[in-house]
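Computed from a predicted model, the values in this text were never measured in an experiment. The sequence lines fix the lettering, A, B, ..., with proteins before strands; numbering per chain opens at 1.
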Amino acid sequence: MELEIINLTKEFKEIIAVDHINLSMKNGVYGLLGVNGAGKTTFMRMLCTLIRPSVGKILCEGKDIFEMDGEYRKILGYLPQEFGFYPDFTVQDYLMYVASIKGIRQTAAKKRTKILLQQVGLSKVQNRKMKKLSGGMKRRVGIAQAMLNNPKILILDEPTAGLDPSERIRFRNLISELSQDRLVLLSTHIVSDIEYIANQILLMQNGKIFHSGTQEEILNEVPIRVWRLDVRKSEVEHWQAMYKVANLKTMPQGAELRILSEQCPDTNAKEEELTLEDVFLYYFGEKAGNNDDVL
Amino acid sequence: MMMYYEIKKIFVKRGNRVALAVLAFAIIVIVYSLVSQTYWVNENGEMETGFGTIRKIKEAKQEWSGSLTENQIARVIEEKNRINATPQHQSEDMRQQEIAYSWTQGFQDITYLLNYAYGDFQTWDYTVADSLTPDMASDFYPNRMKSLKKWLEEEEGGANLFTDKEKAFLMEQYENLETPFFYEYQEGWKNLFQWASGIAMITALVLGFLCAGIFADEFRQKASAIFYSSYHGRGKAIWTKVTAGLLTVTVVYWAAMLAYSAAVLGIFGIEGSNCPIQSTMAGWKSFYQITNGQEYLMILFGGYLGCLFMTGAVMLVSAAAKSSLLAVTIPFLMIILPSLLMSMNSPTLNKILGLLPDQLLQISSVVKYFNLYEIGGEIFGAVPILAAVYLLLTFILIPMMYFTYKKHQVTR
């Protein structure tokens, strides 16, 4: 399965949400990393035929996805960022309805629903109304609906947003499990999601994908090093003004800083291993999401 | 399977269930009020109400059933005069007067017709029948024509309301009406027609409520992204929504109207279906040559078409604006606005109002109005035009809602 994105652009009045993206994706897990407002959701909506591009094309195995129409959507699974559902439907009803609009016959839909409910650990709540589910459970129903048609292309927009740490880990593992033999595009502004499951990372900012590669490639190509430095509390502001500080840990005797810099900032500084989170901070700076999420 | 869940989406909503309960409650209250308003004055001059009176009224009226020939009219006038001459009728004691009234109940419908036939076209004077003699019976049918002709010539009557062609049409319709009328007990139909419009209107409002969310809820509940990104999301799934709406209209409308009809006709009886509508006071002036049974069918199918059109408009707004709140106001506007405008009493405005969709919900009134329209040199009453126009518009609405919904992009 190959998706080829050619010069893809989407303009909303005076805002360019997606700006001339050229990209080719094959089977594997792609992590789309960017801050809020980078254009990730608009890009993904175009991949799901929900929005038509202003300019450019998306080709699936060489065919325009908007011309393929239903034939393309037949191989597509999508979990939107804001996962909407029918609150008065039970989990079972909801999945059966989505199966019907995905063109799955009733008998096959029943079997598939049963398997997926087991896989996402929701068999026991299949008769519970959707509005009575916890946030984590709803996301799991969301991934189950996306997988109903066993899609060759799976697009997940911020699938772990709003989940507590244990739910997030569970969800990440589930996505890894489901990513075999298909093209998975996962958008997030949570670095750890990408670190654990993505084979390829796409960095997006201001509507453009400005960098892509494997985790190693990205870490190797970034022109930055990481330094650990213990300082007095009164010096913290000085160091923050001088350098990008990836982390600040307050200690009884002072503070431990994680500084991003090409050069050694101080003779007492010790070099540490660069992580994806450091890269994220380097590229996206102060806009890099809220602290809780970038864990 | 898709249809099952689409219908389930409508009926699983608590608000929609409440709306259906309101409709059922309205039918029960209306039928109950029809029964409780029915009364019979017994031979002692005492008023009786409730179920038991219906049989007595039926027995009394069936004694006067048959063709309303000159002889029958003369017989009614004779009997009326005989009762008027009794000491009970002339007594000042209310009880005695009630006893005299009790003897007239069997032919009271015919007495009402006499008041129209021998009175002024635009007024109804309940004392007219008291001034008649049996030899005047031969004027009963000719008077219907004469009073219309006179009214159409009067400056303050219909002289300026109609063109010569329209006047000729009305005269011709009156002239062609088959006489003598067949008359029999027809309380079931009279009562049925009394609230048929009310039931159709409440049903239209409830249907608007039920169907307003069919399209808009996908966006309100943020389910549109999954809907449109699915295999059938821009095709069959939308047709299923359209069909689910039409099916809901069909099931709810016919269930409501047939339940109401079955209750009223079951209680009051189905006799009188072959009587012309002119054999009742309410239908005396109508130029439509139809029976009660035919009027009933017109009410049923007119109401169905009206509900289909109004709900279709609701669904179109729901599909276009993605707002169920805006959509649900459509039937209210379609029903309430014309009734507000009607008070302006302008002939031109009345002609326009006579073709608005709310008229389909009140065919029992429409067949009594003189709303005439000239098309291609021919004069038509409002009913056939309403039927043709709204049938066509409903057929146009169906693909419109499909294509309107199909083209949406999910940007939020």
Side-chain angles (χ1 to χ4, degrees), chain A residues 10 12 17 41-42 44-53 66 69-90 92-110 129-131 141-142 145-146 148-149 151 153 155 157, chain B residues 1-20 209-244 318 322-324 402-403 405-412:
Chain A
K10 182 66 190 177
F12 294 108
T41 296
T42 304
M44 292 185 128
R45 282 179 179 163
M46 284 193 279
L47 291 177
C48 294
T49 71
L50 296 173
I51 304 176
R52 282 189 169 269
F66 289 94
D69 200 32
E71 286 309 308
Y72 171 72
R73 294 194 300 271
K74 201 171 188 174
I75 56 164
L76 177 73
Y78 176 47
L79 173 62
Q81 185 176 356
E82 282 189 88
F83 165 56
F85 51 86
Y86 313 108
D88 292 307
F89 267 18
T90 62
Q92 174 81 14
D93 280 346
Y94 174 75
L95 291 176
M96 287 299 284
Y97 172 69
V98 176
S100 73
I101 61 174
K102 283 177 179 246
I104 304 167
R105 290 187 189 280
Q106 192 171 9
T107 319
K110 276 186 183 167
K129 284 194 173 179
M130 289 291 292
K131 63 184 174 190
V141 177
Q145 67 76 25
L148 273 168
N149 52 332
I153 299 167
I155 295 178
D157 194 357
Chain B
M1 184 166 74
M2 205 190 298
M3 177 62 75
Y4 168 77
Y5 287 108
E6 204 57 66
I7 295 275
K8 193 168 184 176
K9 269 195 230 171
I10 299 171
F11 290 98
V12 83
K13 281 168 76 180
R14 184 189 290 264
N16 288 355
R17 287 181 177 186
V18 171
L20 284 173
F209 196 79
L210 295 183
C211 296
I214 289 179
F215 290 114
D217 279 357
E218 297 292 338
F219 284 90
R220 190 176 61 80
Q221 292 164 339
K222 299 187 189 300
S224 53
I226 291 171
F227 181 85
Y228 283 116
S229 64
S230 68
Y231 175 51
H232 290 307
R234 291 193 189 270
K236 194 177 164 189
I238 302 175
W239 276 123
T240 306
K241 282 182 177 293
V242 174
T243 316
S318 169
K322 301 182 244 176
S323 160
S324 53
Y402 171 79
F403 288 110
Y405 201 63
K406 184 183 163 80
K407 72 176 172 71
H408 281 307
Q409 298 194 42
V410 183
T411 52
R412 285 183 196 179

Trainee: Start with the C-alpha gap between Y231(B) and E71(A), add the side-chain angles, then the distance that decides, and say whether side-chain contact (heavy atoms from CB on, under 4.5 Å) holds.
Mentor: CA-CA 7 Å; Y231(B) 175 51; E71(A) 286 309 308; 3.8 Å; yes
Trainee: When only pairs under 4.5 Å are counted, which of K102(A), E82(A), R45(A) shares the most heavy-atom pairs with chain B?
Mentor: R45(A)
Trainee: Shortest non-hydrogen contact from R73(A) to G233(B)?
Mentor: NH2-N, 4.4 Å
Trainee: Under 4.5 Å from any heavy atom of chain A, what part of K9(B) do you find: side chain, backbone, both or neither?
Mentor: both
Trainee: Testing the basics here: between Y78(A) and I226(B), what is the closest heavy-atom pair and its distance to 0.1 Å?
Mentor: O-CG1, 4.1 Å
Trainee: Is it the backbone or the side chain of F227(B) that comes under 4.5 Å from a heavy atom of chain A, or both, or neither?
Mentor: both
Trainee: About how many Å separate NE2 of H232(B) and NZ of K74(A), when rounded to the nearest 0.5 Å?
Mentor: 7.5 Å
Trainee: Would you say the side chain of M1(B) lies within less than 4.5 Å of the side chain of Y97(A), judging by non-hydrogen atoms?
Mentor: no
Trainee: Which pair of heavy atoms, one from I101(A) and one from S230(B), lies closest together, and at what distance?
Mentor: O-OG, 3.3 Å
Trainee: Which residue out of E6(B), M3(B), K8(B) racks up the most heavy-atom pairs below 4.5 Å with chain A?
Mentor: K8(B)
Trainee: So what's closer than 4.5 Å to chain B heavy atoms on F85(A): side chain, backbone, both or neither?
Mentor: backbone
Trainee: Could you state the interatomic distance from CE (M2(B)) to CD1 (I104(A)), rounded to the nearest 0.5 Å?
Mentor: 10.5 Å
Trainee: Under 4.5 Å, counting heavy-atom pairs only, tell me which of Y94(A), F83(A), F12(A), F89(A) racks up the most with chain B.
Mentor: F89(A)
Trainee: Please indicate whether K110(A) has more than 12 foreign heavy atoms, meaning atoms of other residues, nucleotides or ligands, lying under 6.0 Å from its NZ.
Mentor: no
Trainee: Where the side chain of Q409(B) meets the backbone of R52(A), is there a donor-acceptor pair that is under 3.5 Å apart?
Mentor: yes
Trainee: Under 4.5 Å heavy-atom distance to chain B, tell me which part of L79(A) shows up: side chain, backbone, both or neither.
Mentor: neither
Trainee: Out of K10(A), Q81(A), R105(A), Q106(A), which one racks up the most heavy-atom pairs below 4.5 Å with chain B?
Mentor: Q106(A)
Trainee: For a quick test of reading the model, state the closest non-hydrogen atom pair linking C48(A) to S229(B) and the distance between them.
Mentor: O-CB, 3.8 Å
Trainee: In terms of heavy-atom proximity below 4.5 Å to chain B, should A17(A) be classed as side chain, backbone, both, or neither?
Mentor: neither
Trainee: Taking NZ in K406(B) as the centre, count heavy atoms belonging to other residues, nucleotides or ligands within less than 6.0 Å. Is the count above 12?
Mentor: yes
Trainee: State, yes or no, whether a side-chain contact exists between D93(A) and Y5(B) at a heavy-atom distance under 4.5 Å.
Mentor: yes
Trainee: Which pair of non-hydrogen atoms, one from P87(A) and one from Q221(B), has the smallest distance, and what is that distance?
Mentor: CD-NE2, 3.4 Å
